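So the structure is just underneath, and the comments pick up after that.
Keep in mind that what you see is a predicted model, and the values were worked out from it rather than measured. Protein chains get the first letters and strands the later ones, always in sequence-line order, with residue 1 at the start of each.
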Amino acid sequence: MAGQDTDKAYDPKGIEEKWYAFWLRGGFFHADPARPGESYSIVIPPPNVTGSLHMGHALNVTLQDVLIRYNLMLGRNTLWLPGTDHAGIATQNVVERLLAAEGKSRQDLGREKFVERVWKWKEESGGVILRQLKRLGASCDWERERFTMDEGLSRAVREAFVRLYRKGLIYRGRYIINWCPRCRTALSDLEVSYEETRGALYFVRYPELSGRRSVVVATTRPETMLGDTAVAVNPADERFAGRVGATLRLPLMDRPIPLISDGMVDREFGTGAVKITPAHDANDFEVARRHELPSVRVIDESGRMTGEAGAFAGMDRFACREAVVEKLKAEGLLVKEEPYLHNVGHCYRCRTVVEPAESIQWFVRTKPLAEPAIRAVREGETRIVPPQWEKTYFEWMDNIRDWCISRQIWWGHRIPAHHCGDCGQTTVETDPPEKCASCGSGNLKQEEDVLDTWFSSALWPFSTLGWPEATPDLSRYYPTSALVTGFDILFFWVARMMMMGIEFTGKAPFRDVVIHALVRDARGEKMSKTRGNVIDPLEVMDRYGTDAFRFTLVALAAQGRDIRMSDDRVEGYRNFMNKIFQAGRFVRMHVDAETSRELPEELSIVDRWILSRLQRVIDEVRRGIEEYRFNDAGQAFYQFTWHEFCDWYVEMIKPSLSPEADPLVRRNQRAVLLRVFETIIALGQPFIPFLTEEIWQSLPGGKRDSILRQGYPAVDPEKTDVDVEEDMGHLMEVIRAVRNIRSELNVSPAKKVEVRLKGKVEDLAFLREHEEILRRLARAERVVHKDPEYIPVKDATAVVNDIEVCLPLAGLIDFDQEARRLRKEVDKAGAELSVVTGKLSNERFVANAPADIVEAHRSRKDDLEAKLSKLSRNLELVTRYLS
RNA sequence: GGGCGGAUAGCUCAGAUGGUAGAGCAUCGCCCUUACAAGGCGAGGGUCACAGGUUCAAGUCCUGUUCCGCCUACCA
């Protein structure tokens, strides 16, 4: 509910654009290799040009931005290189859809016109996502923005291709590949996603040509039988003993095919006999090679049956499946049909069922490339974080298979190979050759195929820095410091960058590979358009502000776990933003242009306490960022800022800031307050850049440079003071004890009470010295010190260390209530005591546990015993007055 | 079929190197105490999935089991 005071709350509208423009104007994100400083570089995982910002990007980009801003503030020579990916199939699909709306196909336009059209689309509508990254606050060096199809990168692609080809690491050949009949292109194995699909297993009888016997085969794709050229059984399968070599009649086609034996056949599956369709199955293809069987292609590029399919020619493959089954039934050759759950490959771009098909394609020989890429991780040149992903990486790399890199689409890097019309040889050159390298003929035709988009992506970490030229950028920023990405493209992209990076530069492209989780919806479901559960990051930013959104992502980014995004979470952190904003207002109320930021010689106990705590949080935040434990960093910042700084420190120092305070005290207090608060603001900058810059600029100091220039807070060990932290901890506990009593006994907050502290003089010394704090934060009228002989009759009591906190509440006290409260305390202390005593009475514990642990238990035991006896006695006192 | 991850408060999750179970949200109570009600103060709530084992000591290490996810694979 929006109250009328909402104008007092933090409103991020307007300030985000303002400061982003300010940073751009100041060139803060622009890297200059000539400038000094240790290099820190990241290349962005380039989003598709067709893309628009989703949660995955938002998380990915936020984490990178934290790293970049942190390193920027550390004064390193920092580069974050942005750009987009041409996304071959995805982009082509987008433009094809636009054409379809005009009633045209890409074939109507022809290749050249179509590609022109895609470029036009790219110029007009591509890259919206980059604007959205700016909205997120991404501190990219936009002057270095690259596109995988721009001139430099295309050059790098051709160069890489030629070098690999000449080393024999790229080859062309006829193999079974995954074919998408909708996209009409080959796909790599990775681009096929398998989905569990309900289908049927058909058992088909293949009669022997001579004799009365027959062989029954099982298949999930009966339409492919039209292309069968054999039936195979396992050589050791005695069911078929003596029958291998027989000739079968291929039903529906009336073609004679042999019964062969091959070790690949699993005797347990189906009937133990497999139909062999070399043109449409990878296994069958291999079998056919071994047995020199012919190959008959019965499904064409668009998924229709070819002329080889006899009566079924021209039918769609799925219609054909039904027709084949009907026909088999009619002929009495369908033995049975079982429901069958199996994995069916789908095109990862358009979800069409993929058809394995035999065709001529280009491949990368991956084994020789994989070996050094494996070694780089094994030997620690590149670190994978969190390390459990290493295993996945090795698993895949160890079993890597050759990579089909040619695509029969038009949008992409055309393969730099020219086929000779005269001698048939292929010439591969970086620049278009004039004549055939083998026969000298000028009758050359460039290869029609383009490269898999991931081929250019694989070069991204160095192609963007100028490779193959030896540029200053390349020597300065390569290898990059970290790659931040989701695990979903570990194989697609990371593994391939590792291979190509090492192959072409001799060095692994990253020091650290940081794998983050997936962002899911509040119920843990993967966000998808079809599910309709997509949370739009832009909408979240509109509603809660970018900083709140960023902080949410950071706070939830625990290693190795998926993130559930929900409004509640963002709202909570939006409140945190407001808290910081309000704290800023408070600080501004109390400081002015004259306020020094120098810490005074003499520091109050409270100041020493906050400074000591501050060192800890600085340490935690820095370590968190450096170890990619973003959530730990975020939590430490949150906890300290809200609960220690705002809830305790600010409340404790208010009197020293008031006009009634001693002027010197006041001046010093302002200085410390400002200093501490500015440190907090600087500390938070990588997470919440807009709010921190806004506050930074609003603090006194005239027209200021960006907070990015202030240096990142560093731990000053001199300021850490464990004694002060302990003393203050006690004081805070006493305050909490009073508050607890008041609250439990329903004493109105407005009611001032007397607080009696009972204990030895030396134990009370610190409290006596800082009594004012206690009085105010506990809302006490006065604090009275009592010696250990004092008997708290008619007092509500609590025990804090060696001190008893007593509230004389005669007339107000509800003795039932107080008895219940005390009993609870007694039970709690008693339970703990029995655990500790139990351990200590175990002599093996005393003998084996480290001395410090035993000692800690001993003193804990003493404390608890003392506490328990005090509590029990007080409980007894109260019980006397029970009604 | 292999591999990985998860199972901790009502919900969502933290809990490096084993040593007295934490946070946020939600819940309950009291408060508009002039930085902040997008707030303050206080409270309740957990046999850390189950069964064994190692250890003086296990949420944490080992083994097994059960349920969830995910990745991967040439059972047609």
Rounded distance (Å) that lies between atom [atom2] of [N] and atom [atom1] of [X]:
| X | N | atom1 | atom2 | value |
| --- | --- | --- | --- | --- |
| A/Asp568 | B/G10 | CG | C1' | 14 Å |
| A/Leu190 | B/A73 | CG | P | 7 Å |
| A/Glu395 | B/G2 | CD | C1' | 7 Å |
| A/Asn631 | B/A23 | CG | P | 16 Å |
| A/Arg821 | B/G44 | CZ | C1' | 15 Å |
| A/Glu651 | B/U34 | CD | C1' | 11 Å |
| A/Asn343 | B/C70 | CG | C1' | 14 Å |
| A/Asp567 | B/C11 | CG | P | 20 Å |

Check whether the side chains of [X] and [Y] place a donor and an acceptor atom closer than 3.5 Å, and report yes or no.
| X | Y | result |
| --- | --- | --- |
| A/Glu191 | A/Ser188 | yes |
| A/Glu571 | A/Asn575 | no |
| A/Lys579 | A/Thr641 | no |

For [N] and [X] - does any side-chain N or O of the residue sit under 4.0 Å from the phosphate oxygens OP1/OP2?
| X | N | result |
| --- | --- | --- |
| A/Lys824 | B/G44 | yes |
| A/Arg401 | B/C74 | yes |
| A/Tyr194 | B/C71 | no |
| A/Arg574 | B/A38 | no |
| A/Asn578 | B/A38 | no |
| A/Asn575 | B/G39 | yes |
| A/Lys391 | B/G3 | no |

**Message:** So that I can tick it off, tell me whether A/Arg670 and A/Asp592 are bridged by a salt bridge, with the cut-off set at under 4.0 angstrom between side-chain N and carboxylate O.
**Reply:**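 Salt bridge flag = yes for A/Arg670 with A/Asp592.
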Nucleotide of [options] approaching [X] most closely (side-chain heavy atoms):
| X | options | value |
| --- | --- | --- |
| A/Arg736 | B/G42, B/U12, B/C56 | B/G42 |
| A/His643 | B/A76, B/C70, B/G24 | B/G24 |
| A/Gln635 | B/G5, B/A23, B/C71 | B/A23 |
| A/Trp642 | B/G19, B/G39, B/A76 | B/G39 |
| A/Arg739 | B/C41, B/A14, B/A76 | B/C41 |
| A/Asn740 | B/A23, B/A76, B/A43 | B/A43 |
| A/Phe586 | B/G19, B/A35, B/U12 | B/A35 |

**Message:** Applying ring-ring contact (aromatic ring centres under 6.0 Å, His included), can you list everything that pairs with A/Phe581, at least two apart in sequence or on another chain?
**Reply:** A/Tyr10
[N] pairs with which nucleotide, Watson-Crick or G-U wobble, both distances below 3.5 Å?
| N | answer |
| --- | --- |
| B/A7 | B/U66 |
| B/A35 | none |
| B/A16 | none |
| B/G44 | none |

How far, in whole Å, is [M] from [N] if one measures between their [atom1] atoms?
| N | M | atom1 | answer |
| --- | --- | --- | --- |
| B/G29 | B/U63 | P | 49 Å |
| B/C56 | B/U12 | P | 39 Å |
| B/A58 | B/G19 | P | 11 Å |
| B/A49 | B/U34 | P | 47 Å |
| B/G5 | B/C13 | C1' | 15 Å |
| B/C67 | B/G10 | P | 24 Å |
| B/A38 | B/C32 | C1' | 15 Å |
| B/G53 | B/G18 | C1' | 15 Å |

**Prompt:** Quick one: the side chain of A/Asn283 and the base of B/C74, do they pair up donor-acceptor inside 3.5 Å?
**Reply:** yes
**Donor/acceptor link under 3.5 angstrom from A/Lys579 side chain onto base of B/C36** = yes
**Request:** Using the closest heavy atom to pick a nucleotide of RNA chain B for each, name whichever of A/Ile853 or A/Glu571 lands nearer the 5' end.
**Result:** A/Ile853
**Message:** Using heavy-atom distances to pick each residue's nearest nucleotide on RNA chain B, tell me which of A/Gln639 and A/Pro749 is more 5'.
**Reply:**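 Between the two, 5'-proximity favours A/Gln639.
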Looking at [X] versus [Y], is the centre-to-centre ring distance below 6.0 Å?
| X | Y | value |
| --- | --- | --- |
| A/His857 | A/Phe845 | yes |
| A/Tyr348 | A/Phe492 | yes |
| A/Tyr573 | A/Tyr544 | no |

Contact class for [X] vs. all strands (heavy atom < 4.0 Å): base, sugar-phosphate, or nothing?
| X | result |
| --- | --- |
| A/Thr392 | nothing |
| A/Tyr340 | sugar-phosphate |
| A/Arg742 | nothing |

**Message:** With a 3.5 Å distance limit and no angle check, can you tell me whether A/Arg623 reaches the backbone of A/Arg629 through a side-chain donor-acceptor pair?
**Reply:**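 No, because the side chain of A/Arg623 does not come within donor-acceptor range (under 3.5 Å) of the backbone of A/Arg629.
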